[in-house]
Visitor: 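Following this message is one structure expressed as structure tokens.
Just so it is clear, the values below take in all heavy atoms, side chains as well, and ignore hydrogens, waters and symmetry mates.
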Amino acid sequence: MPDVFDPRAPMGEPAVRANEELPVVDVGPVAHGGHCVARLDGQVVFVRHALPGERVRIAVTERSKRFLRADAVDVLEPSPDRVAAPCPFAGTCGGCDFQHVSAEGQRRLLAHVVREQLQRLAGIDWDVEVEAVQPETLGWRTRVTYAVDASGRAGLRRHRDHTIVPIDFCRIAHRDARSVTAAQWSDGPVEAVVSSSGERLLVTDAEVPEEELDSLHGVVSRDGALRQGSGTLHEVVHGRMFHVTGSGFWQVHPRAAETLVDAVLAAAQVRPGDRVLDLYAGAGLFSAFLAEQAGPDGAVVSVEGARSGHEDARVNLADLANATAQRAPVEKALARGWLGSSADVVVLDPPRAGAKAAVAPIAALGARTVVYVACDPAALARDLKMFAEHGYDVRSLRAFALFPMTHHVECVAVLAPAER
């Protein structure tokens, strides 16, 4: 039999041979996390590198009492959505989940995941469509963190493994975030950051190779200390300049900021004179445009717990008299009443874990509209269930393919008080 791909094999070693010792499974639906569900002798198997409806031969990579994890190493009956992976490291490094899936197929998989999470965790039946942001699925990632192996080669880690896979370059990385893998490094990790204005920054404690220095805007250590040049990048959204320090939070897709600003503004429908809270606000991206909509008689409070994000927001909102930046953990600020007792509109963009502790106090503010920006559909679903328990229903939901080739998806949900 021909050799088949084995993602467990060290780079450069021959692939495992297909044989009857490797079991065959029929692949079921996609699940949250970049794998599909199958069964082997009655036990659930989470299979990577497969697609719903396929028949594949698998290599089991992990075992537990409740389920198995496995990789598809030979596709016996392929899905119509299967394509040749454009990256030679697909399946070996852990950075991508869907290199083997067409762009349209990826969006269908993501839509299924969001729909399933909403139904299972929140009891919400929603016909989800994931919107394409741009036709290209490669060369988009503007922030990439590379690991460095013992020989000084930069690469990416395997899925659920600390093993470093050396690569020539990352195919989903922005072209200006790729050169790190061509240099020799004394230590790692090394984060490459590229801004929309063309600036390039490295975040690392390692000595920077000479060939990397010429094209750099600056070098920052991992604790945020400036090592060379400028530690600030500049992002431009709808003609407005944003100041972002070091590896401070900013969306990794070059069109994400503009896409999400448009979605949030359309959802929030801020009126002149409104009082708006922008929670987990980062560098103040949404706050700036919300303040423009609220007008001189309105007020926007931008709340961020991280010092770097808060300091960036102060700079970015300095020209807006009706916007203030407050540094505080969102949950604490709400619980202690630091943000007042009411708001007309609340926007929140919490971390991947969601906003569980903030839901009840947000609902107590009585806002006519709550806009929830989510990077994790499971956390979103759990929080939407809690919002429903506190009197807020989902009125609309959009999803965006802002992380092509991966299982990640961004959602914008709009909530309003339930109709009595």
Side-chain angles (χ1 to χ4, degrees), residues 4-11 15 27 30-36 46-52 54 56 58-59 61 69-73 75 78-79 81-114 130 132-147 154-175 177-178 180-181 189 191-192 194 251-256 352 375-377 399-410:
V4 295
F5 167 67
D6 182 2
R8 304 164 303 161
M11 295 297 293
V27 182
V30 66
H32 183 32
H35 46 250
C36 293
F46 295 123
V47 185
R48 284 175 60 81
H49 320 302
L51 279 167
E54 291 187 331
V56 301
I58 62 171
T61 56
R69 294 187 185 276
D71 293 310
V73 296
V75 180
S79 162
D81 287 327
R82 180 171 285 276
V83 297
C87 177
F89 306 99
T92 52
C93 100
C96 292
D97 308 290
F98 296 142
Q99 289 265 354
H100 60 291
V101 191
S102 68
E104 298 81 4
Q106 290 181 38
R107 294 196 297 275
R108 285 193 290 271
L109 293 178
L110 296 175
H112 177 91
V113 168
V114 176
V130 175
V133 176
Q134 66 179 30
E136 295 82 8
T137 54
L138 302 175
W140 56 268
R141 192 175 182 94
T142 60
R143 292 166 178 254
V144 185
T145 300
Y146 299 93
L156 299 170
R157 297 190 187 277
R158 295 185 185 222
H159 178 66
R160 296 177 61 83
D161 194 340
H162 292 296
T163 304
I164 299 170
V165 179
I167 60 175
D168 54 0
F169 67 91
C170 174
R171 269 63 179 175
I172 66 170
H174 187 282
R175 63 181 182 277
R178 293 176 173 178
V180 167
T181 54
E191 180 183 6
V194 181
Q251 293 286 342
V252 297
H253 193 293
R255 291 192 55 196
R352 193 168 300 281
C375 60
D376 184 88
F400 301 94
L402 292 178
F403 311 92
M405 300 295 190
T406 81
H407 74 273
H408 300 291
V409 59
E410 198 86 7

Visitor: Is a side-chain N or O of Arg107 found less than 3.5 angstrom from the main chain of Ser102, in a donor-acceptor match?
Guide: no

Visitor: Here's a test for you: under side-chain contact (heavy atoms from CB on, under 4.5 Å), which of Ile167, Val165, Thr92, Ile164 qualifies with Leu156?
Guide: Ile167

Visitor: Work out which heavy atom in Thr406 is nearest to a heavy atom in Gly95; give both atom names and the distance.
Guide: CG2-O, 3.7 Å

Visitor: For Leu138 and Met405, what are the C-alpha separation, side-chain angles and deciding distance, and is it a side-chain contact (heavy atoms from CB on, under 4.5 Å)?
Guide: CA-CA 8 Å; Leu138 302 175; Met405 300 295 190; 3.8 Å; yes

Visitor: Measure the shortest side-chain to side-chain distance between Pro404 and Glu136 over non-hydrogen atoms and say whether it is less than 4.5 angstrom.
Guide: no

Visitor: Decide yes or no for His32 and Pro377: does some side-chain heavy atom of the first lie under 4.5 Å from some side-chain heavy atom of the second?
Guide: yes

Visitor: Could you state the interatomic distance from CZ (Arg158) to SG (Cys93), rounded to the nearest 0.5 Å?
Guide: 10.0 Å

Visitor: Do you know the tightest heavy-atom contact between Ala103 and Thr137?
Guide: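 That would be CB-CG2, 3.9 Å.
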
Visitor: When rounded to the nearest 0.5 angstrom, what distance separates CG in Asp81 from CZ in Phe98?
Guide: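 If we round to the nearest 0.5 Å, Asp81:CG and Phe98:CZ are 11.0 Å apart.
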
Visitor: Look at the rings of His253 and Trp140 and say which category their plane angle falls in: under 30° parallel, 30 to 60° tilted, over 60° perpendicular.
Guide: parallel

Visitor: Give the minimum heavy-atom separation between Arg178 and Ala173, together with the two atoms involved.
Guide: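 Shortest heavy-atom separation between Arg178 and Ala173 comes out as NE-O, 3.0 Å.
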
Visitor: Can you list the steps and then say if Val75 with Leu51 is a side-chain contact (heavy atoms from CB on, under 4.5 Å)?
Guide: CA-CA 10 Å; Val75 180; Leu51 279 167; over 6 Å; no

Visitor: Please check this pair: side chain of Gln134 against backbone of Arg255, looking for a donor-acceptor N/O pair closer than 3.5 Å.
Guide: no

Visitor: Does Gly155 offer a backbone N or O that forms a donor-acceptor pair with the side chain of Thr181 under 3.5 Å?
Guide: no

Visitor: Step by step, work out the side-chain contact (heavy atoms from CB on, under 4.5 Å) result for Val409 and Val113.
Guide: CA-CA 9 Å; Val409 59; Val113 168; 5.9 Å; no

Visitor: Are the side chain of Glu54 and the backbone of Ser79 linked by a donor-acceptor contact shorter than 3.5 Å?
Guide: yes

Visitor: Can you confirm whether Glu410 sits close enough to Gln251 that some side-chain heavy atom of one is under 4.5 Å from a side-chain heavy atom of the other?
Guide: yes

Visitor: Quick one: do the Asp97 and His159 side chains pair a donor with an acceptor below 3.5 Å?
Guide: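 No, no side-chain donor-acceptor pair sits under 3.5 Å.
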
Visitor: Hey, does the side chain of His100 reach the backbone of Ala50 with a donor-acceptor pair shorter than 3.5 angstrom?
Guide: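 Pair found, side chain donor or acceptor close to backbone of Ala50.
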
Visitor: Kindly say whether Arg69 contributes a backbone atom to a donor-acceptor pair with the side chain of Thr61 at under 3.5 angstrom?
Guide: yes

Visitor: Counting C-beta onward and ignoring hydrogens, is there a side-chain heavy-atom pair between Phe89 and Gln99 closer than 4.5 Å?
Guide: no

Visitor: Does Arg175 reach the side chain of Phe169, with side-chain heavy atoms less than 4.5 Å apart?
Guide: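 A side-chain contact is absent here, since even the closest heavy-atom pair is not under 4.5 Å.
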
Visitor: What's the shortest heavy-atom distance between Pro189 and Thr145, and which atoms?
Guide: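 Nearest pair, atom of Pro189 first, then Thr145: CB-CG2, 3.9 Å.
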
Visitor: Take Val56 and His49 through the side-chain contact (heavy atoms from CB on, under 4.5 Å) test and state the conclusion after the steps.
Guide: CA-CA 10 Å; Val56 301; His49 320 302; over 6 Å; no

Visitor: Under 3.5 Å, is there a donor-acceptor pair between the side chain of Arg48 and the main chain of His35?
Guide: no

